[in-house]
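Below you'll find the structure, written out as structure tokens, and then a few comments.
By convention here, the first residue in the shown sequence is residue 1.
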Amino acid sequence: MPARVIPLHDARLVSLTPPPLQPMSPGVPLADTLGRPLHDLRISVTDRCNFRCSYCMPKQVFDKHHQFLPHADLLSFEEITRLARVFAGLGVEKLRITGGEPLLRRHLETLIGQLAQLRTPDGRELDLTLTTNGSLLTRKAAALKAAGLKRLTVSLDGLDDAVFQRMNDVGFPVSDVLDGIRAAQAAGLGPIKVNMVVQRGVNDDQILAMARHFRHSGVVLRFIEYMDVGATNGWRMDQVLPSAEVQRRIAAEFALTPLSHSAPGETAERWAYADGGGEIGFISSVTQAFCGDCNRARLSTEGRLYTCLFATRGHDLRGLLRGIEPVEDEQIAAAVASVWSGRADRYSQLRGQGGAMPAEGERRVEMHYIGG
């Protein structure tokens, strides 16, 4: 039976009203309606990618006729840095650069250098990291480190070349990604994390091979449950391999001991190899939702603020930056605070209760548009 492709809904076409400008209460920590603070900001710098992974940008939808954003619609590096500075003033301590594939954005090192200069209100450096498919890392790793990037995460869904090339759907060899990881390690970008999206019957035969390969390597391997992000990947629950099953398979070969969370709102459940072979993690958005302490906001390539990975619409911050009337940073901060303080997202929890379907006529934003 041919795969069913869900028609693309482009969230860029949703008519949005810029968030209202409201005064902030000085000295009051920013929190949403469920008491969750704003701590992380994920910044998408491009909606383009050189891979066509079926769970993110299936080739049947994102083909040669797909219209990506024109360059003029993208936030400039200066606009991104300005917004990041505003978010840092509101409590953000971690910035993650995403895409699409962020290393496709020309001169990305310039942006990294600008963001590396930002500080929290009490003078601390921000945790500056990046997620990449690794395809360009051999060329970019040293420059990224020199510009101020602290660490990075690489997406890699298998070690068998046939499996990996089938998943990226552009024939890209796994050896080049592994070379990129080694280049990043040599450049001092660590600790490096490797994320593997696990799909039952697609690449779950790669679980143990990945675990064996990255043991004693200094790389933290994390297994991610296949999620229903966006509306084009044809997600089915029967393709989700629960993290508990992934852990069971690994524990049958390697004894594991639990680790505590390393930071508030951390997505991964952390485990260590009992023999000192390193750390692995499990990200279980489907079977063990972690909405309760989600502290992440997402900024799209064109400057829309999303408060959930599974959102159907965002809030236009670019309009504030490029409006006819000048807007001060304090006004932008008030707008962001207004959005965050009204946030009530908990999609994954509601999914588990059967109540997370988008409203009629709306679809979830695509992952390549706001990052994972």
Side-chain angles (χ1 to χ4, degrees), residues 11 14 16-44 80 83-96 98 118 120-122 126-127 129 227-230 261-269 283-286 288-300 303-320 329-353 355-359 362 364-365 367 369-372:
V14 176
L16 298 176
T17 301
L21 302 181
Q22 297 180 356
M24 297 176 59
S25 301
V28 178
L30 182 59
D32 68 10
T33 62
L34 300 178
R36 298 170 294 188
L38 175 58
H39 185 274
D40 292 13
L41 178 63
R42 301 192 174 190
I43 303 170
S44 174
I80 291 172
L83 288 177
R85 182 181 297 109
V86 168
F87 275 87
L90 291 171
V92 162
E93 298 183 5
K94 177 180 176 181
L95 302 176
R96 178 175 293 278
T98 68
L118 299 180
T120 64
D122 59 359
L126 300 181
D127 182 9
T129 183
M227 294 181 289
D228 52 333
V229 181
H261 285 297
S262 60
E266 186 175 37
T267 58
E269 180 183 319
I283 300 176
S284 316
S285 173
V286 178
Q288 300 175 54
F290 39 78
C291 302
D293 58 359
C294 177
N295 55 17
R296 293 169 294 283
R298 291 172 167 82
L299 183 65
S300 76
R304 294 188 178 175
L305 171 61
Y306 289 85
T307 57
C308 180
L309 178 60
F310 303 94
T312 57
R313 60 180 61 228
H315 303 268
D316 183 16
L317 297 182
R318 189 187 66 185
L320 300 180
D329 286 0
E330 292 78 11
Q331 293 174 286
I332 298 174
V336 172
S338 175
V339 171
W340 190 264
S341 62
R343 174 184 187 241
D345 304 288
R346 52 190 188 99
Y347 175 89
S348 293
Q349 286 182 346
L350 294 174
R351 182 212 296 115
Q353 302 167 11
M357 293 301 293
E362 294 189 336
R364 293 180 293 274
V365 65
M367 181 161 63
Y369 181 62
I370 57 171

To the nearest 0.5 angstrom, please state how far the OG1 atom of T120 sits from the CG atom of D127. 12.0 Å
Sequence neighbours excluded, the answer for salt bridge (Lys or Arg N to Asp or Glu O under 4.0 Å) partners of R85 is none
Please step through side chain to side chain contact (heavy atoms under 4.5 Å, CB included) for the pair K94 and T129, ending with a clear verdict. CA-CA 8 Å; K94 177 180 176 181; T129 183; 4.0 Å; yes
Taken to the nearest 0.5 Å, the spacing of R298 CZ from R42 CZ works out to 5.0 Å
Please report the interatomic distance CG(N295) to CG(D40), rounded to the nearest 0.5 Å. 4.5 Å
Could you report the tightest heavy-atom contact between T267 and I283, atom names first, then the distance? OG1-CD1, 3.7 Å
With distance as the sole test, does R343 use its side chain to make a donor-acceptor pair with the main-chain N or O of T307 at under 3.5 Å? yes
Could you pull out the closest heavy-atom pair between L90 and A337, with the gap in Å? CD1-N, 4.4 Å
Going from CG on D293 to CG on L34, what distance comes out if it is rounded to the nearest 0.5 angstrom? 11.0 Å
Check L38 against A297 and note the closest heavy-atom contact, atom names and distance. CD1-CB, 3.7 Å
From I80 atom CD1 to F87 atom CZ, the distance as rounded to the nearest 0.5 Å: 12.0 Å
Smallest separation among heavy atoms of S300 and Y306, with atom names: CB-CE1, 3.9 Å
Measure the CG-CD1 distance between L305 and I332 for me, rounded to the nearest 0.5 Å. 12.0 Å
T33: which residues meet the side chain to side chain contact (heavy atoms under 4.5 Å, CB included) condition with it, sequence neighbours left out? A344
Over all heavy atoms of both residues, which pair between A84 and I43 is shortest? Give the atoms and the distance, please. CB-CD1, 4.5 Å
